[in-house]
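Computed from a predicted model, the values in this text were never measured in an experiment. Starting from 1, each residue takes its place in the sequence as its number. As the structure lists them, so they are numbered: ligands from 1, and atoms in each ligand from 1.
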Amino acid sequence: YPCDVIRNFSIIAHIDHGKSTLADRLLELTGTIEKKKIGRNLQVLDKLKVERERGITVKAQTASMLHTHEGRKHLLNLIDTPGHVDFAWEVSRSLAACEGALLLVDASQGVQAQSLSVFHSAKERGLKIIPILNKIDLPAAQPERIAAQIETIFGLDPSEIIKISAKTGLNAEAVLTAIVERIPPPRGSQTEPLKAFLFDSHFDTYRGVISLINLQHGVLRKGDKIASCHTRKKYEITEVGIMHPEETPIQALYPGQVGYIACNMKQSSEAHIGDTLHRVGAPVDPMPGFKPAKAMVFAGVFPIDNNDFPKLEESINRLALNDRSITVSRESSTALGQGCRLGFLGTLHMDVFRQRLEDEYDANIIITAPTVPYKVIYSRDDKEVLVSNPTDFPDVNDSTLRVKEVQEPIVKASIIVPEEYFGEMMDLCFSRRGEDLDHKYLDSGTASSSRIMLTCTLPLSEIVTDFFNQLKSRSSGFASFDYEDAGYKKSDLGKMTFLLNGKPVDALALIIHRSAQEIIGRQWVKKLHKVIPRQLFEVPIQAAVGKKVIARETLKALRADVTAGLYGGHYERKLKHLENQKEGKRQMKKLGKVDLPQEAFFDILRK
Ligand code: GDP
Ligand code: MG
């Protein structure tokens, strides 16, 4: 297949807008799969509960199909794109393998926020975007209104919109025609040195690592010797093929084609998404911007029963094996014992992992409040340090440390919501330190229940805890939300520590913006006061930022001697009392002089 008959594209869609159904229809129209098979095996793509709740499809499918257009056979490659900004790196890598994208919108639901960031990423890369309105067979479909939304939000010409029903197949042919006519072919050459772009991979028990590649230049055959630009390791190709729609071995891959290769890679970690492969002895310039995925949200995971730690660590490592973007290290805390500190690409990524872990562990683990990586800049040499664990955060007011400034990661957020919830959403954003608020009506004229798109910048730390739940409950489930990385910004942050009897409790350190320090300090001190049992002596419970105490409660002492209230001679009762006291001790954690039941901690941290 010469390049001019190849088209590489992906589908961008909010969950349930019909990405899988459309993919099936295209495969069926091109005879790639049989008609009767549909509905039986391809639609079974089992979605994670959290994907459903959050409205995001993490993975779709990659497949090649043949389509005859004006008497010429064309090779169309549908490339899988994760639908969420947390996977921005993978999204940009798989978009890098395409020249065009189908933007699929449900004509009854309208545009939802979740596809915004992927759309922006596709547009930035200069991909040709084909807008498609799906589900026009539904009585509730409002094609005119939604077409106007597409114009307002994406700036696309309404006359370019293709109206289809992926379910009934109505007008689906027009999609194939548009792919051929509107998306430019890749530009590859057989004579230039071999250059392949690796954009996805998975592990096969028999053949080892299978990598999906986009061949930019050259021809790739079994037996060829290749090398990775990133690792410099060398491999021999044992199989090449295309996804048609399952892995189908072929003789050779030609420039512009998308296919898979198997080589003697033993571990998934050797296949770096975004890597460039070349022929041994004929190096090429790698595709620009190779960088590994970067963790942006961190949380500690601890077993409630410390004896469970080895088992917990094992399951974490096993789950992380299938997801190379998770970082795992050990963390220990005086209050919670031994645990792991995990790093995730974003909040969705964390929720997916958390769900899997909780399914396995039920209520037997505790996950600490998520934190984000802060940048601490020191006056001396302008040294920059990334801090992702509150325990390591310096006291910014301690002049001997010479902290020049602290910066926090921020995001550009978009919320799409029916007009009547607009006020609630503004409130929510303000309460989370939203700035540069702006909004836009998506429906012109007097449409009932018009939709509004609200945009603002928010600190990433403000959306990692409970933001999504708030968004849903305050909009009766109607709001959709998406965000994009917007770099770092200087911020007035401080580390809050909690002291029991003058001793800080490590697991309870928080990094908080100045505007919220007093409220949070008071809340937490009250909570602690409620859950900590009285001791034999008076215990001050304090919240402090640096050395400054900002909230305090006092836990009154128990009577000094538990036996004091008993009448002198009753020896047996006295003994029993002492024994009870000992029993109680066993489940206690000692923090300085204070005894604390483990559950008290879990109670606090769970909220
Ligand atoms: P995805 O999450 O984007 O992959 O969406 P699916 O392809 O799984 O479709 C979600 C639901 O919408 C399924 O129940 C489909 O049967 C249904 N659906 C998809 N396309 C159409 C359509 O054109 N018309 C109607 N009525 N339903 C559709
Ligand atoms: Mg799907």
Side-chain angles (χ1 to χ4, degrees), residues 9-30 32-33 35-63 65 78-87 90-91 94-95 98 101-119 122 129-147 149-150 154 161-176 178-179 200 243 245 348 351-352 416 477 480-482:
F9 69 101
S10 58
I11 306 177
I12 301 172
H14 181 76
I15 198 166
D16 282 345
H17 282 202
K19 183 164 162 172
S20 307
T21 312
L22 176 62
D24 286 356
R25 209 69 338 120
L26 298 180
L27 293 173
E28 175 202 310
L29 279 172
T30 53
T32 315
I33 52 171
K35 205 164 187 165
K36 61 177 189 295
K37 267 189 167 171
I38 292 167
R40 220 178 54 213
N41 65 356
L42 279 162
Q43 274 290 304
V44 295
L45 270 178
D46 167 40
K47 280 172 201 143
L48 284 161
K49 183 168 137 254
V50 33
E51 288 185 17
R52 284 223 156 270
E53 284 167 355
R54 307 254 329 226
I56 298 128
T57 318
V58 175
K59 282 268 170 186
Q61 57 200 119
T62 292
M65 51 202 121
L78 165 58
I79 291 162
D80 172 21
T81 324
H84 193 258
V85 63
D86 276 9
F87 307 95
E90 273 103 309
V91 170
S94 38
L95 291 177
C98 303
L102 312 181
L103 176 68
L104 190 67
V105 178
D106 183 328
S108 66
Q109 294 272 308
V111 178
Q112 304 281 336
Q114 272 83 353
S115 28
L116 283 172
S117 58
V118 180
F119 167 80
I129 312 275
I130 302 177
I132 300 176
L133 267 182
N134 188 30
K135 307 198 187 182
I136 55 163
D137 60 297
L138 287 177
Q142 296 178 287
E144 300 315 317
R145 176 177 173 186
I146 312 303
Q149 289 184 359
I150 289 179
F154 301 110
I161 297 174
I162 305 174
K163 296 175 181 137
I164 67 162
S165 165
K167 190 171 172 183
T168 66
L170 179 73
N171 215 17
E173 276 276 349
V175 176
L176 289 172
I179 291 169
D200 201 357
M243 309 299 288
L348 169 76
D351 288 349
V352 169
I416 294 182
S480 62
F481 163 71
D482 201 4

For Ala113 against Ile416, the heavy-atom pair lying closest together
N-CD1, 3.8 Å
Give the numbers and elements of all ligand 1 atoms closer than 4.0 Å to a heavy atom of Ser20.
1 (P), 4 (O), 7 (O)
I need the contact type for Thr21 against ligand 1. Using non-hydrogen atoms and a strict under-4.0 Å cut-off, is it side chain, backbone, both or neither?
both
Apply the side-chain contact (heavy atoms from CB on, under 4.5 Å) test between Ile136 and each candidate in Asn171, Asp106, Leu170, Ile164; give the one that qualifies.
Leu170
Which is closest to atom 23 (O) of ligand 1 by heavy-atom distance: Ser108, Ala140, Ala172, Ala166?
Ala166
To check you understand the geometry: which heavy-atom pair defines the closest contact between Gln149 and Gly110, and what is its length?
OE1-CA, 3.6 Å
Counting heavy atoms only, which of Thr168, Asp16, Asp137, Ile11 is nearest atom 10 (C) of ligand 1?
Asp16
What about Leu22: any of its N or O atoms under 3.5 Å from an N or O on ligand 1?
no
Do the non-hydrogen side-chain atoms of Leu78 and Leu26 ever get within less than 4.5 Å of each other?
no
What I'd like to find out is whether the side chain of Ile146 reaches to under 4.5 Å of the side chain of Ile161, using heavy atoms alone.
no
Residue Leu138 vicinity, atoms of ligand 1 by number, heavy atom under 4.0 Å:
26 (N)
Backbone of Ala166 reached by a side-chain donor or acceptor of Asn134 within 3.5 Å:
yes
Report the part of Ser165 (side chain from C-beta onward, or backbone N, CA, C, O) that has a heavy atom under 4.0 Å from ligand 1; answer both or neither where that applies.
both
Should one rank Lys167, Gln109, His14, His17 by closest heavy-atom distance to atom 22 (C) of ligand 1, which comes out on top?
Lys167
